[in-house]
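Below, read A as the first sequence line, B as the second, and so on, with proteins coming before strands; counting in each chain starts at 1.
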Amino acid sequence: MDGWANPQDRPPLKYGSFPTSRRPVSPDDRTFPRRRACPVVPGRRIRRPMLDLLTRPVAAAVADRLNVAPTQVAGLFAPPAKGFAADLALPCFQLAKAAGKAPPALATDLAAFLPTVIPGLTATAVGPFCNLSFAAGNVAQALLPALAEPTAALRSSAGAGRTAAIDFSSPNIAKHLAFHHIRSTMLGNALAHCYQAAGWKTVRINFLGDWGTAFGRLISGWKREGLTLDQLRAADDQVTFLNALYVRASQAAKGDAALEDDARRWSKKLEDGDAEARHLWQIFKDASLAEFQRVYALLGVTFDSWKGEAYYEDKMGPILAELADKNLTSEDQGATIVDLPKLVGKQFKKPALIKRADGGTLYATRDLAACDDRMREFAADRALYVVDLGQSLHFTEWFAVAKLLNRPFAGNLRHVGFGVVLMWNDEPGEGLEPGWAKGRTRAGKVMLLREVLEEAIDRAAVIVREKNPDLDAAEQATIARQVGIGAVVFNDLKNGRTNDVKFKFEDALRFDGETGPYLQFAHARLCSIERKANVGDLAGDPALLTSDHEKNVLLAIAKLQNALERTVEADEPSLLAAALLNLAGEIAVWLTSGNSNLDARVLCLDAAQSAARLRLVRAARGALGEGLRLLGLAAPERM
RNA sequence: GUACCCGUAGCUCAGUCGGAAGAGCAUCCGCCUUCUAAGCGGACGGUCGCGUGUUCGAAUCACGCCGGGUACGCCA
């Protein structure tokens, strides 16, 4: 999608339109099954060590009784159906086969047997299911000691020793970060955090769109209008200035062959390393980066590598030579291609283009060169490309070429694709129905990311002032920023990434229900209790945590680890988001239960009881705070 | 035409190897003497797009349709 202020300003496609949003997974790759939004890698067992603390003894007992391997039982535990007051359900279908019994009979048998060997366990057979309830105190004794570190619930060693190179955000120079850039940026940011939490080393790469024929037009326009650096610097917004320049230049060049030629000449000069062209290009790039950094700072996003397309412009020789050496390229209509239908198979309908008829290189070539460079520099084991699904074909093609080149990493390249952002359009123009439309809102304007964030902050500020009149202005502003941005970011992360995002201001900026602020509010409530408790080391006795509310909070915490590992394996932050919503929900129920019952409060009269509950507060606050951080949201202590 | 994404409650979406249909919003009814009501409880609401097949069992798997979206040789 493009970033022109008005659609009519958008240049015709035939020459030098700016690239669409840069940069996708392979279709035939087993890690990305066709119809599943949240794929789980087959063959690789998803672990849940934290929850295993509870289920292991049960699995062992069942396995022992039925004479099967414990691992055959461990994976079966499932959430109970709604309406059954149980913690976990054990479906007996598969085990019934091994036991030579009908599922309901086995369920009945296990329901009678298990409580005799597992202390504190109650079990009820409901048809073919055996529903299990643990005693709250036992759950706390099993889990709380493992949660002494605040972040322990969201740590895993699944990726220890491995490195992931994550390519995300990737905006184009001389254009604004449009709202849709939030997708790649925050998905990539969340994945980088989650990979790290799962033990991976990560490299965050911003593959800037800093090259292309559009810069020839921009330079040509700059020279024609006699603009100066001072004029650029004096602009309120340098990117807007450059954008407007581009629009004027392309308007002027429309139907003016001389200007078109001039733009082409500047493109060529830029490619040839002409000093003046390079100087102007660098100025445009610096101005753009400064603006990008303002937005990244708001979002709290950082990068380790900023090598853009321009960096690789003169580094494609070796890959072209290697392709030729290995007889993988051929000529077709003057262009150099890799004949994928012939070399790989008929799942490919067309060849991959490697070199244009005029000798210029292409997107795929750059990605191949960049990938070699990254793998060498960072010794990465896996590479993620967080790019919209519209570019799937591009990635399947060059991934296939990497395989033909026998790259050892070829099987570990992942296109983390996502759906487009659609805006509600009330007035789409003559003959068109109102509806969801790509990129633009009612006035036909492209929504800029910064504008959306600022609007969200403004709306949050109104509520913050109302709810926290005693806080000083600076703290109110900080909270408004955290909550406003949290709402927008979480709105983008909470659903499966392959869905198209339907953006309405009112929905994205909602502060109640399943939202970022909902998570943040639960966190703030826990912090508030800790402040009031005003205690240091806590040595509460887990056995005193005997209510179902407390048990449910613990179980919700214990499920986070599994959610984290699934998030990493499926490259799907919405899995973590869902687990955090579940946790925040249990926290809210727990804390609210204290409203009408003083004895149920954390800060109650019974000091020992209170100390035990404070341990749970600390564990929950640590887990929720860390979860927010992993998703890229702030965790306010007050709101 | 080919490939990919999507289709589940009025709206927006979850649904973890195939095993018990879920949430938020909206609407309606309750709960502030509050460890923070940005919260909690309840009600209402569904032929899981359609069909066939596989299976003891299908929202889930296979095949075929229908509908919406996206992409398909010298842009990125």
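For C35(B), neither phosphate oxygen OP1 nor OP2 lies less than 4.0 angstrom from any side-chain nitrogen or oxygen of R531(A). Note on N595(A): every side-chain N or O is 4.0 Å or more away from OP1 and OP2 of G39(B). Here K502(A) reaches the OP1 or OP2 of C13(B): one of its side-chain N or O atoms lies under 4.0 Å away. For C6(B), one of the phosphate oxygens OP1 or OP2 lies less than 4.0 angstrom from a side-chain nitrogen or oxygen of T498(A). Regarding contacts with the backbone of G73(B), every side-chain N or O of K349(A) stays at 4.0 angstrom or more from both OP1 and OP2. For A23(B), neither phosphate oxygen OP1 nor OP2 lies less than 4.0 angstrom from any side-chain nitrogen or oxygen of N582(A). Contact check, S528(A) against U36(B): a side-chain N or O comes under 4.0 Å of OP1 or OP2. Between K350(A) and G73(B), a side-chain N or O to OP1/OP2 separation shorter than 4.0 Å is present. Phosphate proximity of C40(B) to Y518(A): present, with a side-chain N or O under 4.0 Å from OP1 or OP2.
Heavy atoms from other residues, nucleotides or ligands lying under 6.0 Å from CD of E530(A) number more than 12.
The distance between atom CG of L509(A) and atom C1' of C25(B), rounded to the nearest whole Å, is 15 Å. Distance D599(A) CG to C35(B) P: 13 Å, rounded to the nearest Å. Between H180(A) atom NE2 and U70(B) atom P the separation is 14 Å, expressed in whole Å. Between the C1' atom of U16(B) and the CG atom of L580(A) lies a distance of 16 Å, rounded to the nearest Å. Atom CZ of R638(A) is separated from atom P of C35(B) by 17 Å (rounded to the nearest Å). Rounded to an integer number of Å, the gap from W590(A) CH2 to G41(B) C1' is 19 Å. The NE2-P distance, from H523(A) to C35(B), rounds to 20 Å in whole Å. One interatomic measurement links the two molecules: CG of L575(A) to P of C13(B), which rounds to 17 Å at whole-angstrom precision.
Nearest nucleotide to the R510(A) side chain, out of G19(B), C13(B), A26(B): A26(B). Checking U36(B), A23(B), C74(B) against the side-chain heavy atoms of E514(A) singles out A23(B) as nearest. Nearest to the side-chain atoms of P79(A) among the listed nucleotides C56(B), U16(B), A71(B) stands U16(B). Each of C40(B), A20(B), C75(B) was ranked by its minimum atom distance to the side chain of F84(A); first place goes to A20(B). Checking G15(B), C56(B), C35(B) against every side-chain atom of V602(A), the shortest atom distance belongs to C35(B). Among C25(B), C35(B), C13(B), the nucleotide with an atom closest to any side-chain atom of R601(A) is C35(B). For D332(A), whose side chain is taken as the heavy atoms from C-beta onward, the closest listed nucleotide among G73(B), A20(B), U16(B) is G73(B). Listed nucleotides: C75(B), G39(B), C56(B). Nearest to the side chain of K97(A): C56(B). Of the candidate nucleotides A20(B), G73(B), G15(B), G73(B) has the atom lying nearest to any side-chain atom of L353(A). Here G39(B) is the nucleotide among G73(B), G39(B), A14(B) with the atom lying nearest to any side-chain atom of D512(A).
Between A23(B) and C6(B), the distance separating the two P atoms is 23 Å to the nearest Å.
Ion pairing of E514(A) with K494(A) is absent here, as no side-chain N (NZ or NE/NH1/NH2) approaches a carboxylate O to less than 4.0 Å. Between R183(A) and D388(A) no salt bridge is recorded (no basic side-chain N to carboxylate O distance below 4.0 Å).
Base engagement by V464(A) is indicated by at least one non-hydrogen atom pair under 4.0 Å involving a base atom. Residue-level contact check: L591(A) touches the bases, meaning some heavy atom is under 4.0 Å from a base atom. Contacts of G594(A) with the nucleic acid, taken as non-hydrogen atoms under 4.0 Å apart, include base atoms. P351(A) comes within 4.0 angstrom of a base, heavy atoms only. In this structure, N131(A) reaches the bases: a heavy-atom distance under 4.0 Å links it to at least one base atom across the strands shown. Contact annotation for A578(A): no contact, since no heavy-atom pair falls under 4.0 Å across all strands. Contacts of D507(A) with the nucleic acid, taken as non-hydrogen atoms under 4.0 Å apart, are absent. Nucleic acid contact for A89(A): base, since at least one base atom lies under 4.0 Å from a heavy atom of the residue. Among the protein residues, V126(A) comes within range of the nucleic acid bases, having at least one heavy atom under 4.0 Å from a base atom. No contact: Q94(A) has no heavy atom under 4.0 Å from any strand.
Scanning for side-chain contact (heavy atoms from CB on, under 4.5 Å) contacts around A563(A) gives A579(A), with sequence neighbours left out.
Between Y385(A) and F399(A), the ring planes lie tilted relative to each other; the angle falls in the 30° to 60° range. The aromatic rings of F503(A) and F505(A) stand perpendicular to each other, their planes meeting at an angle above 60°, with 30° marking the opposite boundary.
In this structure, F93(A) packs face-to-face on the six-membered ring of G19(B), meeting both the 5.5 Å centre cutoff and the 30° plane limit. A stacked arrangement is assigned to F129(A) and the six-membered base ring of A20(B), with a centre-to-centre distance below 5.5 Å and an interplanar angle below 30°.
Side-chain N/O atoms of N499(A) and base N/O atoms of A14(B) include no donor-acceptor pair closer than 3.5 Å.
The 5' end of RNA chain B is approached more closely, in terms of each residue's nearest nucleotide, by A600(A) than by the other of A600(A) and V483(A).
The two residues F511(A) and A487(A) have their closest heavy-atom pair at CE2-CB, 3.7 Å. S267(A) and G216(A) get closest at one heavy-atom pair: OG-CA, 3.3 Å.
Here C17(B) is in the syn range [glycosidic angle within 90° of 0]. Taking 90° from 0 as the syn/anti boundary, the base of G73(B) is oriented syn.
Between F93(A) and F129(A), the gap from one ring centroid to the other is short of 6.0 Å.
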